[in-house]
Amino acid sequence: VNTSFNQLDSLLTHFDQWVSNDRAKWLALLIQRINDFELAEDCLQEAVIKAFELWKRQGVPANPENWILRTAYNKAIDQIRRHTTFQNKKQTLIELSQQQSLGDQKEDNEIPDERLKLIFTCCHPALEQQTQIALTLNSVCGLSVEDVAQSFIVTKTTMAQRLVRAKRKIKIAGIPYQVPQGQELKSRLNSVLSVIYLIFNQGYSSQKDSCSEHTEESWYLIQTLNDLIPNQAEVLGLMALMLFHNSRSKSRQQSSETLVTLETQDRSLWDQNLISKANDCFRQAMSLNDIGAYQIQAAISGVHSLAQSFEDTDWEQICTLYSKLYLYWPSDTVLINHAVALNYNNQSDQALKLIQSIDIKKLNNYLPYHLAKAHILKSLNQNQEAINNLSLAMALSQCQKEKKHIQDQINLL
Amino acid sequence: MQYLLMIYNAEDAGPQPGTPEFMELIQDYQDFTQEVQDAGVYLGGEPLESVETASTVRVRDGHSQITDGPFAETKEALGGYYLLDCVDLDQALSYAAKIPTAKYGSIEVRPIMNLPG
(Lines give C-alpha, C1' and ligand atoms only; values in the text may rest on other atoms or scores of the structure.)
Protein backbone atom coordinates (compact mmCIF):
# COMPACT_ATOMS: atom_id res chain seq x y z
CA VAL A 1 0.00 0.00 0.00
CA ASN A 2 1.51 3.29 -1.05
CA THR A 3 0.37 5.89 1.37
CA SER A 4 1.62 9.35 0.57
CA PHE A 5 2.55 11.79 3.28
CA ASN A 6 -0.57 13.86 2.72
CA GLN A 7 -2.85 10.91 3.14
CA LEU A 8 -1.08 9.95 6.33
CA ASP A 9 -1.41 13.46 7.63
CA SER A 10 -5.11 13.55 6.94
CA LEU A 11 -5.47 10.26 8.77
CA LEU A 12 -5.46 12.17 12.03
CA THR A 13 -8.43 14.26 10.95
CA HIS A 14 -10.56 11.21 10.38
CA PHE A 15 -8.87 9.01 12.97
CA ASP A 16 -12.07 7.68 14.58
CA GLN A 17 -13.49 6.70 11.22
CA TRP A 18 -10.25 4.99 10.25
CA VAL A 19 -10.20 3.04 13.51
CA SER A 20 -13.81 1.96 13.30
CA ASN A 21 -13.35 0.76 9.72
CA ASP A 22 -10.57 -1.65 10.55
CA ARG A 23 -10.92 -2.28 14.25
CA ALA A 24 -12.68 -5.64 13.92
CA LYS A 25 -9.96 -6.87 11.57
CA TRP A 26 -7.19 -5.89 14.00
CA LEU A 27 -9.04 -7.35 16.97
CA ALA A 28 -9.69 -10.61 15.14
CA LEU A 29 -6.01 -10.97 14.33
CA LEU A 30 -4.85 -10.10 17.85
CA ILE A 31 -7.17 -12.65 19.44
CA GLN A 32 -5.87 -15.23 16.99
CA ARG A 33 -2.31 -14.51 18.08
CA ILE A 34 -2.64 -14.15 21.84
CA ASN A 35 -5.65 -16.38 22.37
CA ASP A 36 -7.28 -14.07 24.89
CA PHE A 37 -10.37 -12.08 23.95
CA GLU A 38 -10.41 -9.69 26.88
CA LEU A 39 -6.69 -8.97 26.82
CA ALA A 40 -6.74 -8.38 23.06
CA GLU A 41 -9.50 -5.81 23.35
CA ASP A 42 -7.84 -3.98 26.22
CA CYS A 43 -4.48 -3.84 24.48
CA LEU A 44 -5.97 -2.74 21.17
CA GLN A 45 -7.84 0.03 22.96
CA GLU A 46 -4.64 1.20 24.65
CA ALA A 47 -2.69 1.09 21.41
CA VAL A 48 -5.31 3.18 19.61
CA ILE A 49 -5.27 5.83 22.34
CA LYS A 50 -1.49 5.85 22.38
CA ALA A 51 -1.36 6.16 18.60
CA PHE A 52 -3.55 9.23 18.52
CA GLU A 53 -1.56 11.00 21.26
CA LEU A 54 1.81 10.16 19.76
CA TRP A 55 0.96 10.79 16.10
CA LYS A 56 -0.45 14.23 16.90
CA ARG A 57 3.00 15.22 18.16
CA GLN A 58 5.35 13.16 15.99
CA GLY A 59 3.37 12.55 12.82
CA VAL A 60 1.87 9.39 11.44
CA PRO A 61 4.30 6.48 10.86
CA ALA A 62 4.76 4.98 7.40
CA ASN A 63 2.55 2.00 8.12
CA PRO A 64 0.02 3.05 10.75
CA GLU A 65 -1.89 -0.22 10.70
CA ASN A 66 1.20 -2.26 11.47
CA TRP A 67 2.16 0.24 14.15
CA ILE A 68 -1.15 -0.26 15.95
CA LEU A 69 -0.97 -4.04 15.68
CA ARG A 70 2.63 -4.22 16.85
CA THR A 71 1.96 -1.90 19.79
CA ALA A 72 -1.12 -3.80 20.90
CA TYR A 73 0.66 -7.13 20.49
CA ASN A 74 3.68 -6.02 22.51
CA LYS A 75 1.43 -4.71 25.27
CA ALA A 76 -0.30 -8.07 25.38
CA ILE A 77 3.01 -9.95 25.59
CA ASP A 78 4.04 -7.69 28.47
CA GLN A 79 0.82 -8.48 30.30
CA ILE A 80 1.22 -12.19 29.75
CA ARG A 81 4.82 -12.03 31.04
CA ARG A 82 3.71 -10.22 34.15
CA HIS A 83 0.64 -12.25 34.97
CA THR A 84 1.18 -15.87 34.12
CA THR A 85 2.72 -18.22 36.62
CA PHE A 86 6.18 -19.48 35.92
CA GLN A 87 5.11 -22.87 34.64
CA ASN A 88 2.39 -21.57 32.31
CA LYS A 89 4.60 -18.68 31.28
CA LYS A 90 7.29 -20.87 29.81
CA GLN A 91 4.83 -22.65 27.55
CA THR A 92 2.98 -19.49 26.51
CA LEU A 93 6.17 -17.60 25.74
CA ILE A 94 7.60 -20.44 23.71
CA GLU A 95 4.40 -20.52 21.67
CA LEU A 96 4.42 -16.78 21.20
CA SER A 97 8.11 -16.63 20.26
CA GLN A 98 7.53 -19.14 17.50
CA GLN A 99 5.19 -16.72 15.78
CA GLN A 100 6.27 -13.89 13.61
CA SER A 101 5.78 -10.77 15.64
CA LEU A 102 2.63 -8.94 14.64
CA GLY A 103 3.02 -5.87 12.54
CA ASP A 104 6.50 -6.83 11.37
CA GLN A 105 5.34 -8.27 8.07
CA LYS A 106 6.42 -6.63 4.85
CA GLU A 107 4.39 -3.60 3.98
CA ASP A 108 2.80 -5.05 0.88
CA ASN A 109 1.59 -8.04 2.84
CA GLU A 110 -2.12 -7.76 3.43
CA ILE A 111 -3.16 -8.21 7.01
CA PRO A 112 -4.96 -11.57 7.19
CA ASP A 113 -8.68 -11.24 7.70
CA GLU A 114 -9.68 -13.36 10.69
CA ARG A 115 -13.03 -11.67 11.26
CA LEU A 116 -14.93 -14.85 10.45
CA LYS A 117 -13.40 -16.56 13.47
CA LEU A 118 -14.34 -13.57 15.58
CA ILE A 119 -17.94 -13.70 14.38
CA PHE A 120 -18.29 -17.45 14.96
CA THR A 121 -16.81 -17.13 18.43
CA CYS A 122 -19.14 -14.28 19.41
CA CYS A 123 -22.13 -16.30 18.16
CA HIS A 124 -21.09 -19.58 19.79
CA PRO A 125 -24.15 -21.49 21.07
CA ALA A 126 -22.43 -22.05 24.43
CA LEU A 127 -23.18 -18.35 25.03
CA GLU A 128 -26.72 -17.22 25.66
CA GLN A 129 -28.29 -15.65 22.57
CA GLN A 130 -28.71 -12.20 24.15
CA THR A 131 -25.03 -12.36 25.05
CA GLN A 132 -24.14 -13.40 21.50
CA ILE A 133 -25.92 -10.32 20.19
CA ALA A 134 -24.32 -7.96 22.71
CA LEU A 135 -20.86 -9.40 22.10
CA THR A 136 -21.25 -9.19 18.32
CA LEU A 137 -22.38 -5.56 18.48
CA ASN A 138 -19.52 -4.69 20.81
CA SER A 139 -16.59 -6.69 19.43
CA VAL A 140 -17.37 -7.14 15.75
CA CYS A 141 -19.33 -3.95 15.01
CA GLY A 142 -17.30 -1.86 17.45
CA LEU A 143 -20.29 -0.34 19.23
CA SER A 144 -19.38 1.13 22.63
CA VAL A 145 -20.57 -0.64 25.76
CA GLU A 146 -22.79 2.38 26.36
CA ASP A 147 -24.48 2.05 22.96
CA VAL A 148 -24.98 -1.69 23.40
CA ALA A 149 -26.44 -1.11 26.86
CA GLN A 150 -28.80 1.47 25.43
CA SER A 151 -30.10 -0.85 22.77
CA PHE A 152 -30.79 -3.54 25.40
CA ILE A 153 -32.24 -0.92 27.74
CA VAL A 154 -29.95 -1.91 30.61
CA THR A 155 -27.40 0.16 32.50
CA LYS A 156 -23.84 0.49 31.26
CA THR A 157 -22.57 -1.38 34.33
CA THR A 158 -24.91 -4.31 33.75
CA MET A 159 -23.86 -4.56 30.11
CA ALA A 160 -20.16 -4.21 30.94
CA GLN A 161 -20.46 -7.07 33.41
CA ARG A 162 -22.33 -9.24 30.94
CA LEU A 163 -19.63 -8.69 28.30
CA VAL A 164 -16.78 -9.39 30.72
CA ARG A 165 -18.45 -12.61 31.87
CA ALA A 166 -18.86 -13.71 28.27
CA LYS A 167 -15.22 -13.04 27.40
CA ARG A 168 -14.08 -14.92 30.50
CA LYS A 169 -16.29 -17.86 29.60
CA ILE A 170 -14.78 -17.95 26.12
CA LYS A 171 -11.33 -18.20 27.66
CA ILE A 172 -11.99 -20.47 30.63
CA ALA A 173 -14.40 -22.89 28.96
CA GLY A 174 -12.14 -23.16 25.93
CA ILE A 175 -14.58 -21.92 23.27
CA PRO A 176 -12.38 -22.33 20.19
CA TYR A 177 -11.38 -19.43 17.99
CA GLN A 178 -12.10 -21.08 14.69
CA VAL A 179 -14.52 -21.41 11.81
CA PRO A 180 -16.40 -24.69 12.22
CA GLN A 181 -15.96 -27.21 9.44
CA GLY A 182 -18.12 -29.78 7.68
CA GLN A 183 -21.46 -30.67 9.23
CA GLU A 184 -20.94 -28.27 12.12
CA LEU A 185 -20.68 -25.29 9.78
CA LYS A 186 -24.32 -25.32 8.77
CA SER A 187 -25.79 -25.32 12.25
CA ARG A 188 -23.27 -22.81 13.53
CA LEU A 189 -23.87 -20.57 10.52
CA ASN A 190 -27.53 -20.63 11.50
CA SER A 191 -26.79 -19.26 14.92
CA VAL A 192 -24.70 -16.46 13.33
CA LEU A 193 -27.54 -15.66 10.92
CA SER A 194 -30.13 -15.49 13.67
CA VAL A 195 -27.93 -13.05 15.60
CA ILE A 196 -27.63 -10.86 12.48
CA TYR A 197 -31.37 -11.07 11.81
CA LEU A 198 -32.22 -10.18 15.41
CA ILE A 199 -29.87 -7.20 15.25
CA PHE A 200 -31.48 -6.21 11.95
CA ASN A 201 -35.07 -6.25 13.17
CA GLN A 202 -34.35 -5.37 16.80
CA GLY A 203 -35.93 -8.68 17.67
CA TYR A 204 -33.98 -8.88 20.91
CA SER A 205 -35.37 -5.69 22.37
CA SER A 206 -38.69 -5.77 24.16
CA GLN A 207 -39.14 -2.05 23.66
CA LYS A 208 -39.47 -1.23 20.01
CA ASP A 209 -39.44 2.47 20.85
CA SER A 210 -35.73 2.19 21.49
CA CYS A 211 -34.18 4.78 19.24
CA SER A 212 -31.09 2.76 18.42
CA GLU A 213 -31.45 1.07 15.08
CA HIS A 214 -28.68 -1.16 13.86
CA THR A 215 -29.46 -1.47 10.17
CA GLU A 216 -25.92 -0.43 9.32
CA GLU A 217 -24.32 -2.90 11.72
CA SER A 218 -26.41 -5.81 10.53
CA TRP A 219 -25.64 -4.94 6.93
CA TYR A 220 -21.93 -4.81 7.70
CA LEU A 221 -22.16 -8.24 9.34
CA ILE A 222 -24.04 -9.97 6.54
CA GLN A 223 -21.76 -8.47 3.89
CA THR A 224 -18.65 -9.50 5.78
CA LEU A 225 -20.05 -12.98 6.11
CA ASN A 226 -20.85 -13.14 2.41
CA ASP A 227 -17.38 -11.86 1.48
CA LEU A 228 -15.53 -14.30 3.70
CA ILE A 229 -17.70 -17.36 3.19
CA PRO A 230 -19.22 -16.90 -0.25
CA ASN A 231 -21.88 -19.02 -1.92
CA GLN A 232 -23.80 -19.97 1.18
CA ALA A 233 -27.46 -20.16 0.21
CA GLU A 234 -28.84 -19.04 3.56
CA VAL A 235 -26.41 -16.11 3.85
CA LEU A 236 -27.62 -14.89 0.46
CA GLY A 237 -31.20 -15.63 1.51
CA LEU A 238 -30.91 -13.41 4.57
CA MET A 239 -29.24 -10.74 2.45
CA ALA A 240 -32.17 -10.81 0.03
CA LEU A 241 -34.63 -10.67 2.92
CA MET A 242 -32.87 -7.65 4.42
CA LEU A 243 -32.77 -5.89 1.04
CA PHE A 244 -36.49 -6.49 0.43
CA HIS A 245 -37.21 -5.14 3.88
CA ASN A 246 -35.01 -2.08 3.40
CA SER A 247 -36.60 -1.32 0.04
CA ARG A 248 -39.74 -0.39 1.99
CA SER A 249 -38.14 1.72 4.69
CA LYS A 250 -39.24 5.03 3.14
CA SER A 251 -42.85 3.99 2.94
CA ARG A 252 -42.76 2.65 6.49
CA GLN A 253 -41.81 6.10 7.68
CA GLN A 254 -44.70 7.84 5.89
CA SER A 255 -46.28 8.65 9.23
CA SER A 256 -44.45 9.60 12.39
CA GLU A 257 -47.47 8.80 14.56
CA THR A 258 -48.61 5.37 13.57
CA LEU A 259 -47.30 2.13 12.10
CA VAL A 260 -47.54 1.99 8.34
CA THR A 261 -48.34 -1.63 7.56
CA LEU A 262 -47.87 -3.30 4.19
CA GLU A 263 -51.55 -2.71 3.54
CA THR A 264 -51.35 1.08 3.73
CA GLN A 265 -47.86 1.70 2.39
CA ASP A 266 -47.40 3.96 -0.62
CA ARG A 267 -45.84 1.44 -2.99
CA SER A 268 -44.46 4.12 -5.28
CA LEU A 269 -41.97 4.84 -2.47
CA TRP A 270 -40.56 1.33 -2.61
CA ASP A 271 -36.94 1.43 -3.72
CA GLN A 272 -36.93 -0.51 -7.01
CA ASN A 273 -33.13 -0.51 -7.08
CA LEU A 274 -32.97 -2.36 -3.75
CA ILE A 275 -35.73 -4.72 -4.87
CA SER A 276 -33.75 -5.66 -7.94
CA LYS A 277 -30.63 -6.20 -5.82
CA ALA A 278 -32.71 -8.37 -3.50
CA ASN A 279 -33.93 -10.39 -6.45
CA ASP A 280 -30.33 -10.89 -7.62
CA CYS A 281 -29.32 -12.21 -4.19
CA PHE A 282 -32.37 -14.41 -4.08
CA ARG A 283 -31.69 -15.93 -7.50
CA GLN A 284 -28.07 -16.53 -6.57
CA ALA A 285 -29.23 -18.26 -3.36
CA MET A 286 -31.71 -20.46 -5.21
CA SER A 287 -29.08 -21.52 -7.74
CA LEU A 288 -27.15 -23.15 -4.89
CA ASN A 289 -29.96 -25.64 -4.32
CA ASP A 290 -29.82 -25.57 -0.56
CA ILE A 291 -33.18 -24.24 0.58
CA GLY A 292 -33.61 -22.87 4.10
CA ALA A 293 -35.75 -20.65 6.30
CA TYR A 294 -34.22 -17.32 5.26
CA GLN A 295 -34.60 -18.02 1.57
CA ILE A 296 -38.27 -18.88 2.07
CA GLN A 297 -38.83 -15.70 4.07
CA ALA A 298 -37.09 -13.75 1.31
CA ALA A 299 -39.40 -15.43 -1.20
CA ILE A 300 -42.44 -14.29 0.80
CA SER A 301 -41.08 -10.77 0.92
CA GLY A 302 -40.38 -11.01 -2.81
CA VAL A 303 -44.01 -11.95 -3.55
CA HIS A 304 -45.11 -8.78 -1.75
CA SER A 305 -42.64 -6.74 -3.81
CA LEU A 306 -44.18 -8.03 -7.04
CA ALA A 307 -47.70 -6.88 -6.16
CA GLN A 308 -48.74 -3.53 -7.61
CA SER A 309 -51.20 -3.03 -4.77
CA PHE A 310 -52.08 -4.81 -1.54
CA GLU A 311 -55.19 -6.28 -3.20
CA ASP A 312 -52.96 -7.54 -5.98
CA THR A 313 -50.93 -9.76 -3.59
CA ASP A 314 -50.67 -13.44 -4.53
CA TRP A 315 -51.89 -14.78 -1.16
CA GLU A 316 -52.22 -18.31 -2.50
CA GLN A 317 -48.49 -18.34 -3.15
CA ILE A 318 -47.73 -16.78 0.24
CA CYS A 319 -49.80 -19.44 2.04
CA THR A 320 -47.87 -22.17 0.23
CA LEU A 321 -44.59 -20.55 1.24
CA TYR A 322 -45.62 -20.34 4.91
CA SER A 323 -46.48 -24.07 4.90
CA LYS A 324 -43.05 -24.73 3.49
CA LEU A 325 -41.39 -22.35 5.97
CA TYR A 326 -42.92 -24.28 8.86
CA LEU A 327 -40.99 -27.38 7.77
CA TYR A 328 -37.71 -25.51 8.19
CA TRP A 329 -38.73 -23.31 11.11
CA PRO A 330 -41.48 -24.97 13.12
CA SER A 331 -42.52 -22.04 15.29
CA ASP A 332 -45.70 -20.36 16.47
CA THR A 333 -44.64 -17.16 14.71
CA VAL A 334 -44.82 -18.94 11.37
CA LEU A 335 -48.25 -20.39 12.19
CA ILE A 336 -49.56 -16.95 13.15
CA ASN A 337 -48.30 -15.40 9.91
CA HIS A 338 -49.69 -18.31 7.93
CA ALA A 339 -53.11 -17.78 9.55
CA VAL A 340 -53.05 -14.08 8.61
CA ALA A 341 -52.17 -14.96 5.02
CA LEU A 342 -55.03 -17.50 4.89
CA ASN A 343 -57.35 -14.79 6.13
CA TYR A 344 -56.29 -12.46 3.32
CA ASN A 345 -56.78 -15.32 0.90
CA ASN A 346 -60.47 -15.39 1.90
CA GLN A 347 -60.01 -18.56 3.92
CA SER A 348 -60.98 -17.05 7.27
CA ASP A 349 -62.44 -20.26 8.69
CA GLN A 350 -59.21 -22.15 8.08
CA ALA A 351 -57.28 -19.17 9.42
CA LEU A 352 -59.22 -19.28 12.68
CA LYS A 353 -58.79 -23.03 12.94
CA LEU A 354 -55.03 -22.69 12.47
CA ILE A 355 -54.59 -19.92 15.01
CA GLN A 356 -56.78 -21.76 17.52
CA SER A 357 -54.56 -24.81 17.18
CA ILE A 358 -51.71 -22.91 18.81
CA ASP A 359 -51.23 -23.49 22.52
CA ILE A 360 -52.47 -20.21 23.97
CA LYS A 361 -50.71 -20.70 27.31
CA LYS A 362 -47.38 -20.07 25.66
CA LEU A 363 -48.64 -17.07 23.74
CA ASN A 364 -50.74 -15.07 26.16
CA ASN A 365 -48.12 -12.38 26.30
CA TYR A 366 -47.32 -12.47 22.61
CA LEU A 367 -48.69 -9.36 20.97
CA PRO A 368 -48.69 -10.52 17.32
CA TYR A 369 -50.87 -13.48 18.31
CA HIS A 370 -53.64 -11.22 19.63
CA LEU A 371 -53.35 -8.84 16.68
CA ALA A 372 -53.60 -11.68 14.19
CA LYS A 373 -56.54 -13.25 15.99
CA ALA A 374 -58.38 -9.91 16.09
CA HIS A 375 -57.79 -9.55 12.39
CA ILE A 376 -59.28 -12.95 11.59
CA LEU A 377 -62.24 -12.51 13.96
CA LYS A 378 -63.03 -9.19 12.31
CA SER A 379 -63.25 -10.91 8.91
CA LEU A 380 -65.69 -13.38 10.45
CA ASN A 381 -67.76 -10.46 11.78
CA GLN A 382 -67.09 -11.43 15.39
CA ASN A 383 -66.46 -7.81 16.27
CA GLN A 384 -66.72 -8.00 20.05
CA GLU A 385 -64.21 -10.88 20.17
CA ALA A 386 -61.94 -8.92 17.86
CA ILE A 387 -62.08 -5.88 20.14
CA ASN A 388 -61.22 -8.07 23.13
CA ASN A 389 -58.11 -9.33 21.35
CA LEU A 390 -57.12 -5.84 20.28
CA SER A 391 -57.42 -4.68 23.89
CA LEU A 392 -55.12 -7.50 24.98
CA ALA A 393 -52.64 -6.45 22.29
CA MET A 394 -52.94 -2.83 23.39
CA ALA A 395 -52.08 -3.75 26.98
CA LEU A 396 -48.95 -5.56 25.77
CA SER A 397 -47.68 -2.88 23.40
CA GLN A 398 -44.77 -0.75 24.51
CA CYS A 399 -44.51 1.36 21.41
CA GLN A 400 -46.45 4.58 20.87
CA LYS A 401 -46.76 4.10 17.11
CA GLU A 402 -48.07 0.59 17.61
CA LYS A 403 -50.57 1.71 20.26
CA LYS A 404 -51.93 4.33 17.91
CA HIS A 405 -52.25 1.69 15.19
CA ILE A 406 -54.17 -0.65 17.52
CA GLN A 407 -56.43 2.14 18.77
CA ASP A 408 -57.30 3.04 15.17
CA GLN A 409 -58.35 -0.55 14.57
CA ILE A 410 -60.51 -0.61 17.70
CA ASN A 411 -62.16 2.63 16.60
CA LEU A 412 -62.97 1.12 13.22
CA LEU A 413 -64.94 -1.63 14.91
CA MET B 1 -8.05 -28.93 28.43
CA GLN B 2 -9.82 -31.22 30.83
CA TYR B 3 -13.60 -31.32 30.98
CA LEU B 4 -15.97 -33.06 33.34
CA LEU B 5 -19.04 -34.33 31.51
CA MET B 6 -21.75 -34.77 34.11
CA ILE B 7 -24.62 -37.02 33.16
CA TYR B 8 -27.96 -35.92 34.58
CA ASN B 9 -31.25 -37.71 34.15
CA ALA B 10 -34.54 -38.36 35.88
CA GLU B 11 -34.37 -41.91 37.15
CA ASP B 12 -37.72 -42.78 35.59
CA ALA B 13 -36.62 -41.46 32.17
CA GLY B 14 -35.08 -43.69 29.54
CA PRO B 15 -34.72 -47.49 29.57
CA GLN B 16 -35.31 -49.17 32.93
CA PRO B 17 -33.17 -52.03 34.32
CA GLY B 18 -34.42 -55.46 33.33
CA THR B 19 -35.63 -54.42 29.87
CA PRO B 20 -33.90 -55.29 26.58
CA GLU B 21 -33.58 -51.54 25.94
CA PHE B 22 -31.53 -51.26 29.10
CA MET B 23 -29.11 -53.91 27.82
CA GLU B 24 -28.78 -51.90 24.64
CA LEU B 25 -28.04 -48.81 26.69
CA ILE B 26 -25.25 -50.62 28.55
CA GLN B 27 -23.81 -51.70 25.20
CA ASP B 28 -24.00 -48.08 23.92
CA TYR B 29 -22.10 -46.92 26.99
CA GLN B 30 -19.44 -49.58 26.44
CA ASP B 31 -19.10 -48.46 22.84
CA PHE B 32 -18.82 -44.80 23.84
CA THR B 33 -16.20 -45.56 26.49
CA GLN B 34 -14.27 -47.56 23.90
CA GLU B 35 -14.49 -44.65 21.45
CA VAL B 36 -13.09 -42.06 23.89
CA GLN B 37 -10.38 -44.48 24.98
CA ASP B 38 -9.36 -45.14 21.38
CA ALA B 39 -9.34 -41.41 20.68
CA GLY B 40 -6.96 -40.93 23.60
CA VAL B 41 -9.15 -38.39 25.36
CA TYR B 42 -10.45 -40.62 28.17
CA LEU B 43 -9.18 -39.85 31.68
CA GLY B 44 -11.92 -41.51 33.68
CA GLY B 45 -15.61 -42.12 34.02
CA GLU B 46 -18.02 -44.09 36.18
CA PRO B 47 -21.73 -44.54 36.66
CA LEU B 48 -23.15 -43.74 40.09
CA GLU B 49 -25.55 -45.74 42.23
CA SER B 50 -29.08 -44.35 42.42
CA VAL B 51 -29.74 -41.03 44.12
CA GLU B 52 -31.56 -42.88 46.93
CA THR B 53 -28.16 -44.09 48.12
CA ALA B 54 -26.80 -40.55 48.47
CA SER B 55 -25.73 -39.01 51.77
CA THR B 56 -24.78 -35.36 52.19
CA VAL B 57 -22.30 -33.99 54.70
CA ARG B 58 -21.95 -30.39 55.91
CA VAL B 59 -19.57 -29.20 58.60
CA ARG B 60 -20.94 -26.24 60.57
CA ASP B 61 -19.24 -24.83 63.67
CA GLY B 62 -16.96 -27.83 63.66
CA HIS B 63 -19.81 -30.35 63.71
CA SER B 64 -20.63 -32.72 60.91
CA GLN B 65 -24.22 -32.71 59.84
CA ILE B 66 -25.16 -35.71 57.80
CA THR B 67 -28.39 -35.91 55.87
CA ASP B 68 -29.97 -38.68 53.89
CA GLY B 69 -30.33 -37.88 50.19
CA PRO B 70 -28.71 -35.66 47.59
CA PHE B 71 -27.51 -32.07 48.02
CA ALA B 72 -30.43 -30.76 45.99
CA GLU B 73 -33.77 -32.45 45.46
CA THR B 74 -34.31 -32.14 41.73
CA LYS B 75 -36.02 -34.33 39.20
CA GLU B 76 -32.81 -34.84 37.27
CA ALA B 77 -29.93 -36.18 39.35
CA LEU B 78 -26.27 -36.82 38.65
CA GLY B 79 -26.04 -40.38 37.38
CA GLY B 80 -22.44 -40.63 36.26
CA TYR B 81 -19.56 -38.78 34.68
CA TYR B 82 -16.71 -38.82 32.20
CA LEU B 83 -13.47 -36.93 32.59
CA LEU B 84 -12.04 -36.14 29.14
CA ASP B 85 -8.98 -34.34 27.86
CA CYS B 86 -10.13 -32.38 24.80
CA VAL B 87 -8.58 -29.73 22.56
CA ASP B 88 -11.42 -27.29 23.12
CA LEU B 89 -15.05 -26.90 24.14
CA ASP B 90 -16.34 -27.89 20.70
CA GLN B 91 -14.67 -31.28 20.97
CA ALA B 92 -15.97 -31.76 24.51
CA LEU B 93 -19.49 -30.82 23.39
CA SER B 94 -19.40 -33.20 20.48
CA TYR B 95 -18.44 -36.09 22.80
CA ALA B 96 -21.16 -34.98 25.25
CA ALA B 97 -23.70 -35.30 22.45
CA LYS B 98 -22.59 -38.91 21.93
CA ILE B 99 -23.19 -39.97 25.54
CA PRO B 100 -26.21 -42.31 25.31
CA THR B 101 -28.14 -40.53 28.10
CA ALA B 102 -28.00 -37.23 26.16
CA LYS B 103 -31.04 -38.48 24.21
CA TYR B 104 -33.35 -38.25 27.25
CA GLY B 105 -31.30 -36.57 29.99
CA SER B 106 -28.78 -33.72 29.95
CA ILE B 107 -25.01 -33.55 29.96
CA GLU B 108 -23.42 -30.63 31.76
CA VAL B 109 -19.93 -29.85 30.46
CA ARG B 110 -17.57 -28.02 32.81
CA PRO B 111 -13.90 -27.20 32.36
CA ILE B 112 -11.60 -28.44 35.13
CA MET B 113 -10.05 -25.45 36.88
CA ASN B 114 -6.45 -24.86 36.04
CA LEU B 115 -4.75 -24.31 39.38
CA PRO B 116 -1.66 -22.10 39.32
CA GLY B 117 1.71 -23.60 40.18
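Residue numbers start from 1 in every chain, and the chains themselves are labelled A, B, ... in the order their sequence lines are given, proteins ahead of strands. When reading the values below, keep in mind they use all heavy atoms of this one structure, side chains included, and skip hydrogens, waters and symmetry mates.
Contacts of residues 62-96 of chain B with chain A at a heavy-atom distance below 4.5 Å involve B/Asp88, B/Leu89, B/Asp90, B/Leu93, listed in sequence order.
Among B/Met1, B/Arg110, B/Met113, the residue with the largest count of heavy-atom pairs under 4.5 Å with chain A is B/Met1. Considering only heavy-atom pairs separated by less than 4.5 Å from chain B, the leading option among A/Pro180, A/Pro125, A/Gly174 is A/Gly174.
Atom CD of B/Glu21 has more than 12 heavy atoms from other residues, nucleotides or ligands within 6.0 Å. For A/Asp42, the CG atom counts as densely surrounded, since its 6.0 Å shell holds more than 12 non-hydrogen atoms of other residues, nucleotides or ligands.
Scanning all heavy atoms of the two residues, the minimum distance from A/Ala173 to B/Pro111 falls at CA-CG, 3.7 Å.
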